[in-house]
Amino acid sequence: MSRRILVLAHTGRKAAMAAAQEVCTQLHAAGLTPVMRSQDLEDIQAEYGQLTAPTEILHDDVPLDGVDLGMVLGGDGTILRAAELVRGTGVPLLGVNLGHVGFLAESEREDLEKTVRWVVDRSYTVEERMTIDVKVWLDSKLLAHTWALNEAAVEKADRQRMLEIVMEVDARPISSFGCDGVVMATPTGSTAYAFSAGGPVVWPEVEALLITPISAHAVFSRPLVVAPESILAVEILARNAANGVLWCDGRRSYDLPPGARVEVTRSAVPVRLARTHETPFSERLVRKFQLPTQGWRGPMNHPADADADADAGGGVIP
């Protein structure tokens, strides 16, 4: 039986639909079976006509756990939507960036053919990215229970009214203040909304949780990095009767009345991302944000290093 590769595309973009056709054709030519969701396939065929490669339909022809890997064609938003689909199944995602920054993507549009070859040859590794478990409480009633790969953002619902909140870590209050919101993020999400709010960039290998206030009117409103086992919480105060809204990965929203409490903990269910080459995160950071590195000379051999080499028998003979 040939390996089945799920092709997920942002069908609102012609570039993504064209790329999906190329991928399906190349996968089929290499002996693999492309799989698509029925709606995605219908959208592409409505624009371009029948695909040249035979394509199976997810759930109709093959279950999700019968898929070997998911290729995602789009930006970070498309990858976040794909993560909703595959989380908990063990299916890894490999993103091809067709958007702007594309921090979650592994390769770019110009590398599409090469990326397909990596998939065919299994030239990739799989890493697990931490996700967060998110609960919304009002008194003792659970209003919502969801998750996020990037962040859970508590925001003000009324543009004309500041949100009054208390920020908490491990059942201890840190500070109360008025603000536009608070972002509770994973290391993966540190380069997304939390970054825009002034939070630190955290390497994906670091196990930690982040909490970053947004436009806080407070003496102390610094972003915090805490242990992965910590419990983060934000309570909506009733001082000015302002309502809030919770956004998870910018996709799922929940209303937060005064008195609501949002709790964030590390989830036991990660999202699996495929990596085709060992690119250091620092290199990815520089490339994605186009950071200036002129004048860099690189690591040098220090005297201490030379002494260590000599002690190990690698020194120069006098």
S.K.: Could you state the interatomic distance from CD (Q45) to CD (Q50), rounded to the nearest 0.5 Å?
M.R.: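 Atom-to-atom, Q45:CD and Q50:CD are 4.5 Å apart.
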S.K.: Do V183 and M162 belong to the same hydrophobic cluster, where Ile, Leu, Val, Met, Phe, Trp and Tyr are linked whenever their side-chain heavy atoms lie under 4.5 Å apart, directly or via other members?
M.R.: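 Different clusters: V183 never reaches M162 through Ile, Leu, Val, Met, Phe, Trp or Tyr contacts under 4.5 Å.
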S.K.: List the steps, then state whether side-chain contact (heavy atoms from CB on, under 4.5 Å) holds for E168 with R261.
M.R.: CA-CA 10 Å; E168 173 191 304; R261 174 184 174 88; 2.6 Å; yes
S.K.: Around atom CZ of R222, are there more than 12 heavy atoms from other residues, nucleotides or ligands closer than 6.0 Å?
M.R.: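 It does not: R222 CZ has 12 such atoms or fewer within range.
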S.K.: Could you see if I236 belongs to whatever hydrophobic cluster contains V264? Use Ile, Leu, Val, Met, Phe, Trp, Tyr and a side-chain cutoff under 4.5 Å.
M.R.: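 Both belong to a single hydrophobic cluster.
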S.K.: Looking only at heavy atoms, which two atoms of G250 and E151 are closest? And how far apart?
M.R.: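 Looking at all heavy atoms of both residues, the shortest contact is N-OE2, 3.9 Å.
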S.K.: Tell me whether E110 at atom CD has more than 12 heavy atoms from other residues, nucleotides or ligands lying less than 6.0 Å away.
M.R.: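 Enclosed.
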S.K.: Taking atom CD1 of I174 and atom OG of S176, what is their separation to the nearest 0.5 Å?
M.R.: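 So the CD1 of I174 and the OG of S176 are separated by 11.5 Å.
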S.K.: Mark yes or no for whether D40, through its side chain, and M36, through its backbone, hold a donor-acceptor pair below 3.5 Å.
M.R.: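 Not confirmed, D40 side chain does not pair with M36 backbone.
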S.K.: Kindly give the heavy-atom pair with the smallest separation between T55 and A53, and that separation in Å.
M.R.: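 For T55 and A53, the tightest heavy-atom pair comes out as OG1-O, 3.0 Å.
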S.K.: Taking the basic N atoms (NZ, or NE/NH1/NH2) and the acidic carboxylate oxygens, is any pair closer than 4.0 Å for E106 and K114?
M.R.: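 So E106 does not pair with K114 through a salt bridge.
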S.K.: Are M130 and P228 side-chain neighbours, meaning at least one heavy-atom pair lies under 4.5 Å?
M.R.: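 The answer is yes; the side chains approach within 4.5 Å.
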S.K.: Can you check whether A194's main-chain N or O pairs, donor with acceptor, with T212's side chain at less than 3.5 Å?
M.R.: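 Flag not set: sc T212 to bb A194 has no pair under 3.5 Å.
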S.K.: In Å, rounded to the nearest 0.5 Å, how long is the span from CG of L85 to CG of L93?
M.R.: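 L85 atom CG to L93 atom CG measures 8.0 Å (nearest 0.5 Å).
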S.K.: Between K135 (side chain) and A144 (backbone), is there a donor-acceptor pair under 3.5 Å?
M.R.: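 It does not hold such a pair.
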S.K.: Closest approach of Y124 and L69, non-hydrogen atoms and distance?
M.R.: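 That would be CZ-CD1, 3.4 Å.
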S.K.: Which pair of non-hydrogen atoms, one from V201 and one from L285, has the smallest distance, and what is that distance?
M.R.: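 It is CG1-CD1, 4.0 Å.
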S.K.: How about P223 and I211: do any of their side-chain heavy atoms sit closer than 4.5 Å?
M.R.: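 They are not in side-chain contact.
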S.K.: Above 12 or not: heavy atoms from other molecules or residues under 6.0 Å from CD1 of I231?
M.R.: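 Count not over threshold, so no.
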S.K.: Is it the case that R87 places NZ or CZ above or below the six-membered ring of W147, under 6.0 angstrom from the centre and within 45 degrees of the axis?
M.R.: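 Yes, R87 lies over the aromatic ring of W147.
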S.K.: Any chain of hydrophobic side-chain contacts (each under 4.5 Å) joining V245 to Y193?
M.R.: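 Result: no, two separate clusters.
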S.K.: Flag the pair L256 / V154 as yes when at least one side-chain heavy-atom distance between them is below 4.5 Å, and no otherwise.
M.R.: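 They are in side-chain contact.
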S.K.: Distance-only, no hydrogens or angles: does the D68 side chain make a donor-acceptor pair with backbone N or O of R3 under 3.5 Å?
M.R.: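 Side chain of D68 to backbone of R3, a donor-acceptor pair under 3.5 Å: no, none is there.
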S.K.: Starting from the C-alpha separation in whole Å, work towards a yes-or-no answer on side chain to side chain donor-acceptor pair (under 3.5 Å) for E108 and N97.
M.R.: CA-CA 5 Å; E108 303 297 323; N97 181 38; 3.0 Å; yes
S.K.: Within the structure provided, determine whether Y48 and K14 are in side-chain contact (heavy-atom separation under 4.5 Å).
M.R.: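 The answer is yes; the side chains approach within 4.5 Å.
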S.K.: For S190 versus V202, what's the shortest heavy-atom pair and its separation?
M.R.: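 So the two residues come closest at OG-N, 3.0 Å.
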S.K.: Before you tell me yes or no, could you show the steps for L143 and W137 under side-chain contact (heavy atoms from CB on, under 4.5 Å), namely the whole-Å CA-CA distance, both residues' side-chain angles and the distance that decides it to 0.1 Å?
M.R.: CA-CA 6 Å; L143 299 183; W137 297 89; over 6 Å; no
S.K.: Rounded at 0.5 Å granularity, tell me how far CG in N150 sits from CD1 in I132.
M.R.: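 Output value for this atom pair is 9.0 Å.
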S.K.: Under 4.0 Å between a Lys/Arg side-chain N and an Asp/Glu carboxylate O for R129 and E205?
M.R.: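 A salt bridge is absent here (no side-chain N lies under 4.0 Å from a carboxylate O).
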S.K.: To the nearest 0.5 Å, how far apart are OG in S196 and CD1 in I214?
M.R.: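 Result: 9.5 Å between the selected atoms.
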S.K.: Would you mind reporting whether L237 and V166 have side-chain heavy atoms less than 4.5 Å apart?
M.R.: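 V166 reaches L237 side chain to side chain.
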S.K.: Indicate yes or no for a side-chain donor-acceptor contact from S267 to the backbone of T131 under 3.5 Å, with no hydrogens or angles considered.
M.R.: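 No, S267 side chain to T131 backbone: no donor-acceptor pair under 3.5 Å.
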S.K.: What's the verdict on side-chain contact (heavy atoms from CB on, under 4.5 Å) for L149 and L80, showing C-alpha distance, side-chain angles and the deciding distance?
M.R.: CA-CA 8 Å; L149 172 59; L80 290 172; 3.9 Å; yes
S.K.: Salt-bridge test for R275 and E127: reply yes if a basic N is under 4.0 Å from a carboxylate O, no otherwise.
M.R.: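 Looking at E127 together with R275, the answer is yes, because their closest N to O distance falls below 4.0 Å.
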S.K.: Side-chain contact test, heavy atoms from C-beta onward, threshold under 4.5 Å: evaluate it for L224 versus L210 and give yes or no.
M.R.: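 A side-chain contact is absent here, since even the closest heavy-atom pair is not under 4.5 Å.
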S.K.: Please determine whether a side-chain nitrogen of the Lys or Arg among E84 and R251 lies less than 4.0 Å from a carboxylate oxygen of the Asp or Glu.
M.R.: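 A salt bridge is present here (some side-chain N lies under 4.0 Å from a carboxylate O).
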S.K.: State whether a side-chain donor-acceptor pair under 3.5 Å links T11 with D43.
M.R.: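 Yes, D43 and T11 have a side-chain donor paired with an acceptor closer than 3.5 Å.
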S.K.: If I take atom CG from residue L58 and atom OG from residue S38, how far apart are they, to the nearest 0.5 angstrom?
M.R.: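 One finds 8.5 Å between CG of L58 and OG of S38.
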S.K.: Quick check, are the ring centers of F195 and F103 under 6.0 angstrom apart?
M.R.: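 No, ring centres 6.0 Å or more apart.
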S.K.: Closer than 4.0 angstrom, basic N to acidic O: yes or no for K156 and D180?
M.R.: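 Answer for the salt bridge query: yes.
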S.K.: Given V234 and M184, is the side-chain contact (heavy atoms from CB on, under 4.5 Å) satisfied, shown in steps?
M.R.: CA-CA 9 Å; V234 171; M184 293 171 281; 3.8 Å; yes
S.K.: Assigning hydrophobic clusters by single linkage (Ile, Leu, Val, Met, Phe, Trp, Tyr; side-chain heavy-atom cutoff under 4.5 Å), is L64 placed with L27?
M.R.: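 No, L64 and L27 fall in different hydrophobic clusters.
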S.K.: Using the ring of each side chain (for Trp, its six-membered ring), is W203 parallel, tilted or perpendicular to F281, with breaks at 30° and 60°?
M.R.: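 W203 and F281: perpendicular rings.
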S.K.: May I ask you to decide if A242's main-chain N or O and N240's side chain share a donor-acceptor pair within less than 3.5 Å?
M.R.: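 A pair under 3.5 Å: yes.
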S.K.: Do E283 and P280 have side-chain heavy atoms sitting under 4.5 Å apart?
M.R.: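 Sidechains of P280 and E283: in contact.
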S.K.: Are L273 and L94 in one and the same hydrophobic cluster, where Ile, Leu, Val, Met, Phe, Trp and Tyr link if side-chain heavy atoms are under 4.5 Å apart?
M.R.: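 Shared cluster, no.
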S.K.: Tell me, with the steps shown, if R4 and E56 meet salt bridge (charged side-chain N to carboxylate O under 4.0 Å, His left out).
M.R.: CA-CA 9 Å; R4 290 178 168 85; E56 293 186 347; 2.6 Å; yes
S.K.: If you look at every heavy atom in S230 and L209, which pair is closest and at what distance?
M.R.: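 In terms of heavy atoms, the two residues are closest at O-CD1, 3.6 Å.
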S.K.: Examine distances only and state if a side-chain atom of D133 and a backbone atom of T265 form a donor-acceptor pair shorter than 3.5 Å.
M.R.: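 No, the answer is negative, given that no donor and acceptor are paired below the 3.5 Å cut-off.
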S.K.: Give the intermediate values and the outcome of side chain to side chain donor-acceptor pair (under 3.5 Å) for residues T146 and R252.
M.R.: CA-CA 9 Å; T146 185; R252 301 172 297 281; 3.1 Å; yes
S.K.: Do I57 and L41 have side chains that approach each other closer than 4.5 Å (heavy atoms only, starting at C-beta)?
M.R.: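 With C-beta onward as the side chain, the pair touches.
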